[in-house]
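Treat the numbers as computed from the prediction; the structure is a model and nothing was measured.
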Amino acid sequence: MFKTLLKLKQAGVVGINRRNADYILRYNQRALYPLVDDKLHTKRLAIAAGIAVPDLYGVIEIEHDIASLPEIVRGHQDFVIKPAHGSGGNGIAVIVGRINDRYQYNNGNLLTEEELEYHISNILSGMYSLGGQPDQALIEYRVKFDPIFEPISYRGVPDIRTIVFRGIPVAAMVRLPTRMSDGKANLHQGAVGAGIDLTTGCTTRAVWQNRPVEHHPDTGASISGFQIPHWNKLLTLAAQCYELVGLGYLGVDVVLDQKLGPLVLELNARPGLSIQIANGQGIQKRLEYIDRLAEIPSFAESRASLAQQLFVQI
């Protein structure tokens, strides 16, 4: 056990305790957490700042409002329902179309209107929220992922997670939905995580269920060497989120829509550390270097460029 811990330390891998003590507690003011823990609040901040996010069709706050669902989604054959205070992708319902009087879920299952209303009721009760507190249900635009991802994704929408420290991107990975993850881009539910070279925007290696893989488990396509579209824009977008919420240690999740380009999906004040496994490299040295900087560039573009330089140097 001691040898394993020593090996991880030498590789610069940051553990949960160190992340919490050295970065989250020091750089994330508790008063700012609601800005990212509430997805509705985050979305409104992003819109005001001119940052692209999926369109919001409506919000259901109380049981009585559930009956307004048909009116909210009128004119939209597909949409997403998600808890405002959810985490880990739990409680998200992705509706890809309608067949007769039923809603089609992204895994192919058909739901009646009553079943969908029951799901919303569970969201409102706090079943999926942080701490089990009463919640709100957001109904929003369903992202149509860039077709370039089709060979390495199963049904769902891939997303790009970037760790940002003091406004400077530190590491990034793309999370690829699988059959096991039920089309969700969540590593804990079975998605593939592929590390990204910050300089080029190309995938380097991948892990699935904490094991290295070279091919997507469902499509069989090779994962490494895949070029992420709009990479420089995406990296700058992640850096911009530092000003948006003021958190020094932040996880930024972005999706790439086939027509709208990069969209900020959500932010996280306590991003996980599996990004290091996906990249096959710890982030400690980069965090320490950025921590020692006396001055941080004011512009997001400059911070994104600095991140690309650090990726080569450190």
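Ring centroids of His76 and Tyr57 are separated by less than 6.0 Å, placing the two rings close together. Residues Phe226 and His216 keep their aromatic ring centres 6.0 Å or farther apart.
A cation-pi arrangement is absent between Arg19 and Tyr23, since the terminal nitrogen or guanidinium carbon is not both under 6.0 Å from the aromatic centre and inside a 45° cone about the axis.
Remark: the backbone N or O of Gly91 is paired with a side-chain donor or acceptor of His119 at under 3.5 angstrom. With hydrogens and angles disregarded, a donor-acceptor distance shorter than 3.5 Å links the side chain of Thr203 to the backbone of Gly225. With Lys39 contributing its side chain and Gly86 its backbone, the two residues share a donor-acceptor pair below 3.5 Å. For Asp257 (side chain) and Asp146 (main-chain N/O), no donor-acceptor pair under 3.5 Å exists by modelled atom type. With hydrogens and angles ignored, the 3.5 Å screen pairs no side-chain donor or acceptor of Trp231 with any backbone N or O of Cys202. Counting only distance, with no hydrogens or angles, the side chain of Thr42 and the backbone of Leu35 share a donor-acceptor pair below 3.5 Å. Panel note: side chain Thr112, backbone Glu115; a donor-acceptor pair is recorded below 3.5 Å. Distance alone, capped at 3.5 Å, is enough to place a donor-acceptor pair between the Gln227 side chain and the Thr200 backbone. In this structure, Asn100 contributes its side chain and Arg102 its backbone to no donor-acceptor pair below 3.5 Å. In this structure a side-chain-to-backbone donor-acceptor pair under 3.5 Å is present from Ser305 to Glu301.
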Identify all side-chain donor-acceptor contacts of residues 237-251 below 3.5 Å with residues at least two apart in sequence or on another chain.
unit_1	atom_1	unit_2	atom_2	d
Glu243	OE1	Arg303	NH2	2.7
Glu243	OE2	Arg303	NH1	2.9
Glu243	OE2	Arg303	NH2	2.9

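Residue Val59 shares its hydrophobic cluster (ILVMFWY side chains chained together at separations under 4.5 Å) with Leu40, Leu56, Leu138.
Val94 and Val254 fall into different hydrophobic clusters, where Ile, Leu, Val, Met, Phe, Trp and Tyr are joined by side-chain heavy atoms under 4.5 Å apart, directly or via other members.
In summary, Glu288 and Lys285 do not engage in a salt bridge, as defined by a charged side-chain N under 4.0 Å from a carboxylate O. Looking at Arg98 and Asp78, no side-chain N of the basic residue comes within less than 4.0 Å of a carboxylate O on the acidic one, giving no salt bridge. Remark: Arg270 engages Asp37 in a salt bridge, criterion side-chain N to carboxylate O under 4.0 Å. Remark: Asp159 engages Arg175 in a salt bridge, criterion side-chain N to carboxylate O under 4.0 Å. Electrostatic pairing of Lys144 and Glu150 does not count as a salt bridge here, judged by no charged N lying under 4.0 Å from a carboxylate O.
Shown here for Thr178 and Pro217, the closest heavy-atom pair between the two residues is CG2-CG, 3.9 Å. Closest of all the heavy-atom pairs between Gln104 and Ile99 is OE1-CD1, 4.0 Å.
In summary, the side chains of Gln281 and Arg205 do not present any donor paired with an acceptor at a separation below 3.5 Å, with no hydrogens or angles considered. Ser121 and Glu63 share a side-chain donor-acceptor pair at under 3.5 Å. Remark: the Asn232 side chain and the Gln308 side chain contain an N/O donor-acceptor pair separated by less than 3.5 Å.
Heavy-atom neighbours of Leu25 CG from other residues, nucleotides or ligands within 6.0 Å: above the threshold of 12.
Not counting sequence neighbours, the partners of Lys82 by the side-chain hydrogen bond (donor to acceptor under 3.5 Å, both in side chains) test are Glu140.
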Dump the intermediate steps for salt bridge (charged side-chain N to carboxylate O under 4.0 Å, His left out) on Arg26 and Asp291, then the final yes or no.
CA-CA 11 Å; Arg26 286 177 60 200; Asp291 205 10; 3.1 Å; yes
